[in-house]
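Below, read A as the first sequence line, B as the second, and so on, with proteins coming before strands; counting in each chain starts at 1. Excluded from the calculations below are hydrogen atoms, water molecules and symmetry mates; all remaining heavy atoms, backbone and side chain alike, are included.
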Amino acid sequence: MRIPIREVTPETETAEVLGWVHEVRDLGGLTFFLLRDRSGILQVTVPKKKVGEQVLSALRDASRESLVRVKGRVKAIGKAPGGRELVPEEFEVVCRSESPLPLDVVEKVPAELDTRLDARFLDARRPRVAAVFQVRSVALQTVSDFLYARGFVNISTPKIVAAATEGGTELFPIAYFEKEAFLNQSPQLYKQMMMGAGFEKVFEIGPIFRAEEHNTTKHLNEATSIDVEVSFADHHAVMELLEELIVTVYRDVNERCSSALEALEIGALPVPKAPFPRLPYSEAIRMAAEATGDPITYGDDIGTAAEKAIGELMGEHYFVVDWPTEIKPYYAMPYEDNPTVCKAFDLMHPRMELSSGAQRVHQHDLLVRQIQAKGLNPDNFEFYLEPFRYGMPPHAGWGLGAERLIMTMLSLGNIREAVLFPRDRHRLTP
RNA sequence: GCCCAGGUAGUGUAGUGGCCUAUCAUGUCGGCCUGUCACGCCGACGACUCGGAUUCGAAUUCCGACCUGGGCGCCA
């Protein structure tokens, strides 16, 4: 019976394993195979004079990255990796790998990201790549557990929609029978409608689509959004929820992913400390202007250079709060005593923006005025506006980019490393 | 959308007008090798994205196409 490689220890007597041929070192009368499965690597040592003809002929066929089955005696050997090796009695090539390989799984020769993504199934055989997705899996489970434990309802909302969520032009049009439709850029409006339904706390982890033609290491055209909306909450409450979530994810990944973090050669993650600093937008602008020397003034967006400069000064996760109403979406709630400023916030990692959120406008007439103030036509938002006429509770929420969370947590150089099959400006396959 | 950079064996690279029937590594194939762990040694195989132009001569210069990477705007 097949056992995972990790379970083969120096104390094991006999073992049967299935794994991929990671490396072959043929010394002549003695051949070493390194066999790899998702749990680890095992050395198979074949003394050619002492094994049967069946083993010898299979050996010749066992090219790199072939899947093989080996059954034999385990020997405790100090100089072998893991202190043990397997001497085969049976050796079978289950599925042969062709050669040459599209990329070098052992990484003696590096491969460019583009080459790696073209052969992602092979790339993902590399332990350090697999490790990223183990961490991603654990992180997303932690997010769900965290939110379920606080009484959130997991919802699924349409990805095919009739109109833009926020009025931008950055939507992918698709053919929907005889109608025009789009891929949704955000579950924003649907989350809010469920506040109107009285669900009180909802979350969704799902794809969002942005048709922007950027070509950077931190943008994707299909990304995963962790979206949350909470009734009877203000922006302060959901910022606290968010920072607590971030801390919990880091802590859980440390606890549950030590071998993956080891494979990534980064060791234990420094866990951010809550509460994160709240940096008012006006102060952020002042810092950026001073640090960069650029003429950045109140009301400007915080561009990449400014974002980088502020990130270096802050050196940890932080919130930018109290944004000008003018540069945030119509659904962000203006302060009652100063409507030029709104209850919106961005969660920043020193490297980039991770999340943005706000307390939302829940008053129908104010929302209509804000939509108009952005130069949009409220008639196009009728399906969204309707719930606001029938007892919409005050509410707040945020959207957190899952890939950016993973990327910043693991110090990945490119966001594509945090997605199995990224969709960017040029890539539509695999 | 704007701006830069780049396409050389399966992979990663060197090569800026003749020294290129193109470098090195890895790989693959063959040979030797019983303790390797980037095994070692010997030999072989394998590439200039495409089209046009300049030139006695182009991987190298120019033009166009195709493909790619990155930056910016904007954003998660």
Identify which nucleotide among U36(B), U34(B), G73(B) has an atom closest to any side-chain atom of Phe32(A), counting heavy atoms from C-beta outward. U36(B)
Picking from C74(B), G35(B), C37(B), the nucleotide nearest the side-chain atoms of Asp301(A) would be C74(B)
Any chance [atom1] of [X] has more than 12 other-residue heavy atoms, nucleotides or ligands included, within less than 6.0 Å?
X         : atom1 : result
Glu53(A)  : CD    : yes
Glu107(A) : CD    : yes
Lys308(A) : NZ    : no

If I take atom CD in residue Glu213(A) and atom P in nucleotide U68(B), what distance separates them, rounded to the nearest angstrom? 13 Å
Strictly by Watson-Crick or wobble contacts shorter than 3.5 Å, is anything paired with [N], and which nucleotide is it?
N      : answer
G43(B) : C29(B)
U55(B) : none
G69(B) : C4(B)

At 4.0 Å (heavy atoms only), tell me whether Leu220(A) reaches a base, stays on the sugar-phosphate, or touches nothing.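 It contacts base atoms.
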Take Ile415(A) and His426(A), find for each the nucleotide of RNA chain B with the closest heavy atom, and name the residue whose nucleotide sits nearer the 5' end.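 Residue closer to the 5' terminus by nearest nucleotide: His426(A).
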For Pro81(A) and for Ile327(A), find the nucleotide of RNA chain B with the closest heavy atom, then tell me which residue's nucleotide is more 5'. Pro81(A)
Between atom CD of Glu283(A) and atom CG of Asp322(A), what is the distance when rounded to the nearest 0.5 Å? 11.5 Å
